[in-house]
Amino acid sequence: MKAPKLFKDIAASSLQVMVNQLAGLAVFLLTSFYLAKEEYGELNWSMAVFTFATTILSLRFEQLLVKKSAAHTDVSRPMTLFLLHVFFTGLIFWLLLLLFSFLFPGFFTA
């Protein structure tokens with residue numbers, strides 16, 4: 001007897017989540033054991049800032065694309081807008097980081 005497609009999809013998704021969680025745990029353990037306390041804190045702060053920036057800069061536009069794709073609608077125009085959005089907001093973000101590195105040079109040195 002074949003397993004239903006929904007069961008296969010849920011099982012594959014669950015397996016992916018478990019593998020991702022285990023990989024995250026491995027990275028956490030390796031970095032926490034082998035980095036100095038100050039370096040580990042800087043790494044966590046940097047990851048938090050970039051995660052926040054990515055969330056703000058994307059405006060969750062990718063979720064709209066996934067919904068449209070799942071509904072089998074044409075996503076070529078929204079995808080083009082999304083790519084332009086990602087390119088320009090990313091460029092502006094990196095330019096701001098460059099500007100801040102000149103304005104606050106002591107902040108960006110170890």
Side-chain angles (χ1 to χ4, degrees):
M1 181 175 179
K2 278 179 78 173
K5 183 180 179 331
L6 178 63
F7 178 74
K8 287 182 182 178
D9 291 345
I10 290 173
S13 177
S14 299
L15 180 63
Q16 180 185 9
V17 168
M18 287 189 294
V19 169
N20 284 342
Q21 291 294 321
L22 287 174
L25 177 64
V27 169
F28 166 74
L29 290 174
L30 286 172
T31 56
S32 65
F33 285 139
Y34 294 108
L35 286 179
K37 190 174 185 178
E38 294 80 21
E39 292 172 343
Y40 187 69
E42 285 185 33
L43 175 69
N44 281 331
W45 184 84
S46 299
M47 290 294 292
V49 168
F50 281 115
T51 301
F52 177 75
T54 301
T55 303
I56 295 299
L57 292 175
S58 71
L59 297 174
R60 293 293 179 208
F61 198 27
E62 70 276 4
Q63 289 181 350
L64 175 68
L65 292 173
V66 169
K67 282 183 181 180
K68 286 186 174 282
S69 179
H72 301 291
T73 59
D74 183 30
V75 293
S76 60
R77 181 157 169 75
M79 180 60 86
T80 303
L81 291 172
F82 177 65
L83 290 175
L84 288 172
H85 170 78
V86 167
F87 177 76
F88 286 117
T89 56
L91 183 66
I92 291 168
F93 180 69
W94 285 108
L95 289 173
L96 280 172
L97 284 177
L98 181 66
L99 175 69
F100 288 155
S101 72
F102 289 124
L103 292 176
F104 308 106
F107 183 76
F108 290 91
T109 58

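Quick note: numbers below take in every heavy atom, side chains included, and nothing from hydrogens, waters or symmetry partners. Because the structure is a prediction, the values reported are computed rather than measured.
Within the 4.5 Å cutoff, no side-chain heavy atoms of F87 are placed close to those of L84. F82 places none of its side-chain heavy atoms less than 4.5 Å from the side chain of L64.
Pairs passing the salt bridge (Lys or Arg N to Asp or Glu O under 4.0 Å) check and including a residue from residues 22-41, sequence neighbours excluded, do not occur.
L95 pairs in a side chain to side chain contact (heavy atoms under 4.5 Å, CB included) with only one of the listed residues (I92, L97, L91, L99), which is L91.
By the criterion of side-chain heavy atoms lying less than 4.5 angstrom apart, applied directly or through intervening Ile, Leu, Val, Met, Phe, Trp or Tyr residues, L35 is not grouped with V27; the two fall into different hydrophobic clusters. No continuous path of hydrophobic side-chain contacts links V19 to L30 [ILVMFWY only; heavy atoms under 4.5 Å].
Residue F52 belongs to a hydrophobic cluster whose other members are I56, with links defined by side-chain heavy atoms closer than 4.5 Å.
Of the possible donor and acceptor atoms, one in the side chain of S101 sits under 3.5 Å from a partner among the backbone N and O of L98. Of the possible donor and acceptor atoms, one in the side chain of S32 sits under 3.5 Å from a partner among the backbone N and O of F28.
Residues V75 and S69 approach most closely at CG1-N, 3.7 Å, considering heavy atoms. The two residues T73 and K68 have their closest heavy-atom pair at OG1-O, 2.9 Å.
Every residue was checked against the side chain to side chain donor-acceptor pair (under 3.5 Å) condition with N20, not counting sequence neighbours, and none meets it.
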